[in-house]
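Below you'll find the structure, written out as structure tokens, and then a few comments.
Below, chains carry the letters A, B, ... as their sequence lines are ordered, and counting in each starts from 1. The structure displayed is predicted, hence computed values, not measured ones.
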2 protein chains.
Amino acid sequence: MTTDETPVLRIGALAKRTGLSVRTLRHYDELGLLEPAERTFAGHRLYSSAEVRRLYRIVALRRLGLGLAEIAALLDRDDADPLSVVREHVAELERRIRLEQELRDRLERIAAALDRMHEPSVTDYLDAIEGMTMIERHYTPEQLDYLARRRTEVGEEAIREVEDEWPRLYAEMRAEMQRGAGVTEPRVQELAARMRELVGMFHGGDEGSSRP
Amino acid sequence: MTTDETPVLRIGALAKRTGLSVRTLRHYDELGLLEPAERTFAGHRLYSSAEVRRLYRIVALRRLGLGLAEIAALLDRDDADPLSVVREHVAELERRIRLEQELRDRLERIAAALDRMHEPSVTDYLDAIEGMTMIERHYTPEQLDYLARRRTEVGEEAIREVEDEWPRLYAEMRAEMQRGAGVTEPRVQELAARMRELVGMFHGGDEGSSRP
DNA sequence: GGTAGACCCTCACGTAGCGTCAGGTTCAAG
DNA sequence: CTTGAACCTGACGCTACGTGAGGGTCTACC
């Protein structure tokens, strides 16, 4: 694997190197979530560094509790911002570590009590179970807010883009028409296409990614 | 909830207190894994402290990666040793914490590189993914050994039981036959049944609990 | 005592994310 | 060339619940 995009890992090698299963990687390919860079003549999958980078993000988001469909939607929107996934992942790890340390301490107290032939209180056990479910609860309210805000910001960016650009496009279009340019003129076509693009950002932009 | 076995938690209360779902608790009841202490006249489930203690062990063993059937088998065998589950659980938490700290450190380096507009190496990403799968790998070799040793010890107990009892059974059987007793005699039938039981411990004892 | 909403029951269909297997082709080392 | 490992596609199956339907119970309040 070189630092450019030369494909060098077959599916088995990638699976072994990452600890994932071949079945998992094929599953992701089937879903269009992680497609190989190319295939050999025989149909073998070849993965390059871009796929590895994307795979990191997939697995990290899985660990954050997102379903595969959600991950696909998110990655297709966010492919320019790899840093945000890493940041979230770090935050999640720190949360887990903290909760696990608390739970471990709690369990050590339970173990000490059992060692002394004292039955721990029921509350101890209930707290321990609750600690376990807290650890496995993937989204804190803060994280959900963050993701929701992210979606909103993308929406807001689109709105601002349209607001900034539309008057300029309109003014240029008007200038062209006052100059007597026809609708087949390349510049007019260009302006019209961009205007259609901006309009399309509003109608095709929201995919409704609520989790069942 | 008092310190004796008075049932006081209904299923919703137990679910809320532990962070588990009502559905999960019902599911465990259906499986006979965690049965309520009693039911009200209306059929509501009532859980006491004994159930809470058992539930702790169930959830802990789930976190260790055992399936529910395996947990049932293990708990039915080990109901006298709650301390071992706590111990294993502590060990698993410490393992996870250690791996998560390593992964967090690794990710922070990746984030720093991305911050500086440097693309991290592919090896960094591969290592990160591997770190994630290591964390989720439930059984360390030591734990597998421990569980295997546990099963072996149970097996050895069965062997000893047969070795101790068989000669006595055989001697009694011989005495009965030298007395002229027929095979239909109750005592002879009893002895034969016990001998069949002991033999069956060898052939029916191993459930092949390998995990796919 | 009556009411209303939260909580409980059983039953049962459905699912996400793979695991496993079958049957066959390709690749790489000896 | 041979052989065994690695790869392909296709497809059935699984675990541990989630969800909804339809109905009864419990508890607090009027």
A:A42 side-chain proximity, nearest of D:dG18, C:dC8, C:dT26: C:dT26
d(CD1, A:I71; C1', C:dC18) in whole Å: 14 Å
Earlier contact from the 5' end, DNA chain D, for A:K16 and B:A69: A:K16
Atom-pair distance (CG on B:L34; P on D:dA16), nearest Å: 15 Å
Presence of salt bridge, B:R54 and B:D76, under 4.0 angstrom: yes
Distance-only polar pair, side chains of A:Y125 and A:E130, donor-acceptor under 3.5 Å: no
Below 4.0 Å: OP1/OP2 of C:dC18 and any side-chain N or O of A:Y28: yes
Nucleotide D:dA6, atom P - distance to CG of A:L14 in whole Å: 15 Å
Rounded distance in Å - NE2 (A:H27) to C1' (D:dC8): 18 Å
N or O in side chain of B:S21 less than 4.0 angstrom from D:dC17 OP1/OP2: no
Any A:R10 side-chain N or O less than 4.0 Å from OP1/OP2 of D:dA6: no
Distance, rounded to the nearest Å, where B:E70 contributes CD and D:dT15 contributes C1': 12 Å
First encountered from the 5' end of DNA chain C, between A:V22 and B:I11: B:I11
Given C:dG17, D:dT9, D:dT27, the nucleotide with the shortest approach to the side chain of A:R39: D:dT9
Modelled atom types, side-chain donor and acceptor of A:T133 and A:E136, under 3.5 Å: no
Rounded interatomic separation in angstrom, taking CZ from B:F41 and C1' from D:dT25: 11 Å
Sidechain-backbone polar pair: A:E51 side chain, A:S48 backbone, donor-acceptor under 3.5 Å: yes
Sugar-phosphate, base or nothing in reach of A:H44, heavy atoms under 4.0 Å: sugar-phosphate
For A:A128 against A:L103, the heavy-atom pair lying closest together: O-CD1, 3.6 Å
Short side-chain N/O contact to D:dC8 OP1/OP2 from A:R45, under 4.0 Å: yes
Spacing of B:L25 atom CG relative to C:dT10 atom C1', expressed in whole Å: 16 Å
Side chain of B:R23 (C-beta onward), nearest among D:dT19, D:dA16, D:dT9: D:dT19
Separation of atom CG in B:D29 from atom C1' in C:dC11, rounded to whole Å: 15 Å
Side chain B:R96, main chain A:R96, donor-acceptor under 3.5 Å: no
Minimum-distance nucleotide (side-chain atoms of A:R62 versus C:dT10, D:dC8, C:dG17): C:dG17
Closest listed nucleotide, where the reference is the side chain of B:L68 and the choices are D:dA16, C:dC8, C:dC18: D:dA16
Sugar-phosphate only, base, or nothing, as touched by B:R26 at under 4.0 Å among non-hydrogen atoms: base
